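Input: one structure, supplied below.
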There are 2 protein chains.
Amino acid sequence: MTLDERIALLGQSITFSSLTEEEMVELAGLCRIRSLNAGEYVFMEGEEPDWLYMVAEGRVKVLKHSSQGKEFIISFFGPGEMFGEVAIFQNRPYPASAQAVSELKVIAIKRDDFHTFLRNRPETVFRMIHVLSGRLRDAQVRLRDLAAERVEQRLARVLIMLASRLGPVLPFTRQEIADMVGTTPETTIRLMSKLKEAGIIASSRGRTEIVDEARLRELSEGLQPM
Amino acid sequence: MTLDERIALLGQSITFSSLTEEEMVELAGLCRIRSLNAGEYVFMEGEEPDWLYMVAEGRVKVLKHSSQGKEFIISFFGPGEMFGEVAIFQNRPYPASAQAVSELKVIAIKRDDFHTFLRNRPETVFRMIHVLSGRLRDAQVRLRDLAAERVEQRLARVLIMLASRLGPVLPFTRQEIADMVGTTPETTIRLMSKLKEAGIIASSRGRTEIVDEARLRELSEGLQPM
DNA sequence: CGGCAACAATGATCTATGCCATGTAGCAGG
DNA sequence: CCTGCTACATGGCATAGATCATTGTTGCCG
């Protein structure tokens, strides 16, 4: 992969889009590219954090396993999005695993190189803070939901959240959605079947389309149950 | 409150402990002090974020309400700990409310003043990133727990987490613990009564002491149920 | 000292959702 | 075209934990 290609990829990210030409070149010089097949892990929870990653092509899921091995999906990331930052800023093991969902290309930057690069880029550092703050905000909303809302509403909220990031067509299986909502595939299927009947979503194998977001929003508020 | 007193308070915080004498004076000059009685709110979810806060004396709880009004406690903060950062870094409304648990004194710094102050303090900015990363890490662990672990284990983990921050004596009511675990007071009481019988904790009104942390750890792993 | 309010404890139901089992349909590869 | 794999679907049962109700306990304030 050429330098120009790497620069183009870095530019996709909000965090780096403010860099000058020159800075881009410098940063691109620090990058390595890794290609992975679906199912392969970029890193595993507990590993030493040597690299910061950004998605170039494809999608990753970041997940944690429970004590009984069930998986919980913290987030999906697509092109231009960064992951693994928590670990490299704290210099402690990755708190979760990252797995390729599809064919995946990631840009990797060595921890120390990145720290050095950030030294004199206050603007970029502030953008990183912004990203971290956003994730913390989202995490707090989800914590509250998991602790206090019922599955129906949590499902609705996950669908809305995904739609706001990816548009109305969501390329996920019921299993994956269940792992984001924190429930079982069966329950997810049952609820989504109802949503389908009610004309709120449409779906086929591995694909869900939000048809009536307004009604989904009502459900997510829990105003009236289905 | 004198400048020297304010400097002493700021110095309690990990984030600011690296500042020079001179920087401390500058920052202290930007601070206001607010005193609140137990139960009063420092800020409410949804308000515009004009201030960054740090606890000077007492404790705050940061919480969110569910759609049915149940409250979920995101975290408690004590002297030297900062709160409200997510909002001021994003310049969006506070994502949660902050309520005084006891008599409370907080240091408040105006958003714009703080941003200006940070401009040329890369070291301090990195410490803020460190704090944010830590909170995000904790949030991810809790998300997984809420989604995939049973109440018993979640309770054990909350108690361990609190003990690691505050020592073995925890000044919380069952209600407050329930609101952190994401369950009801009744369930919390039942489980904690068992823990008491088993000699793992001791407790009196509004006070819980961890006696046998090792066994609590076993429970939190879910190896063998009670 | 007495009475009120918050906390703690416990029993009796109820129910949302987990878990197991079984069946079907679509897609992929030999 | 068959075979097999994975996603989707649905029924029945089990149960963790919520909910409702009552009672006891502690500390506080007038």
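Atom set for the values below is all heavy atoms of this structure, side chains included, hydrogens, waters and symmetry mates excluded. Proteins come first, then strands; the chains are lettered A, B, ... in the order of their sequence lines, and each starts at number 1. Remember, predicted model here, so these are calculated numbers, not experimental data.
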Q.
Strictly under 4.0 angstrom, non-hydrogen atoms only: write out the protein contact profile of nucleotides 9-14 of chain D, one letter per nucleotide from the 5' end, B, S or -.
A. BBBB--

(Q) Ring centres under 6.0 Å, that's the criterion: do Phe77(A) and Tyr53(A) meet it? (A) no

**Q.** Exceeds 12 heavy-atom contacts within 6.0 angstrom, atom CD1 of Ile14(B)
**A.** no

**Q.** Thr183(B), nearest nucleotide to its side chain (from dA8(C), dG17(D), dT17(C))
**A.** dG17(D)

Q) Where the side chain of Arg205(A) is concerned, which of dG26(C), dG27(D), dT17(C) is the nearest nucleotide? A) dG26(C)

**Q.** Closest-nucleotide 5' rank along DNA chain C - winner of Val151(A) and Ser204(B)
**A.** Ser204(B)

**Q.** Rounded distance (nearest 0.5 Å) linking atom OH of Tyr94(B) with atom CD1 of Ile88(B)
**A.** 8.0 Å

Q: Quick one: pull up OG1 in Thr188(B) and CG in Leu191(B) and give me the separation to the nearest 0.5 Å.
A: 7.0 Å

Q. Rounded to whole angstroms, how far apart are CZ on Phe172(A) and P on dC8(D)?
A. 13 Å

Q. When the distance from CD1 of Ile177(B) to P of dA6(C) is rounded to whole Å, what number comes out?
A. 19 Å

**Q.** Close side-chain approach of Ser66(B) and Arg144(A), heavy atoms under 4.5 Å
**A.** yes

(Q) Check the phosphate of dA18(D) against Thr187(B), side-chain N and O only, distance under 4.0 Å to OP1 or OP2. Yes or no? (A) yes

Q) Hey, is the side chain of Thr184(B) poking within less than 4.0 Å of OP1 or OP2 on dA18(D), counting only N and O atoms? A) yes

Donor-acceptor pairs are to be reported for all side-chain atoms of residues 155-170 of chain A against protein atoms at under 3.5 Å, with residues two or more places apart or in another chain.
residue: Arg157(A); atom: NE; partner: Ser220(A); partner atom: O; Å: 3.0
residue: Arg157(A); atom: NH1; partner: Asp145(A); partner atom: OD1; Å: 2.7
residue: Arg157(A); atom: NH2; partner: Ser220(A); partner atom: O; Å: 2.8
residue: Ser164(A); atom: OG; partner: Met161(A); partner atom: O; Å: 2.7
residue: Arg165(A); atom: NH1; partner: Ser75(A); partner atom: OG; Å: 3.4
residue: Arg165(A); atom: NH1; partner: Phe76(A); partner atom: O; Å: 3.4
residue: Arg165(A); atom: NH2; partner: Phe76(A); partner atom: O; Å: 2.8
residue: Arg165(A); atom: NH2; partner: Glu81(A); partner atom: OE1; Å: 3.0
residue: Arg165(A); atom: NH2; partner: Glu81(A); partner atom: OE2; Å: 3.1

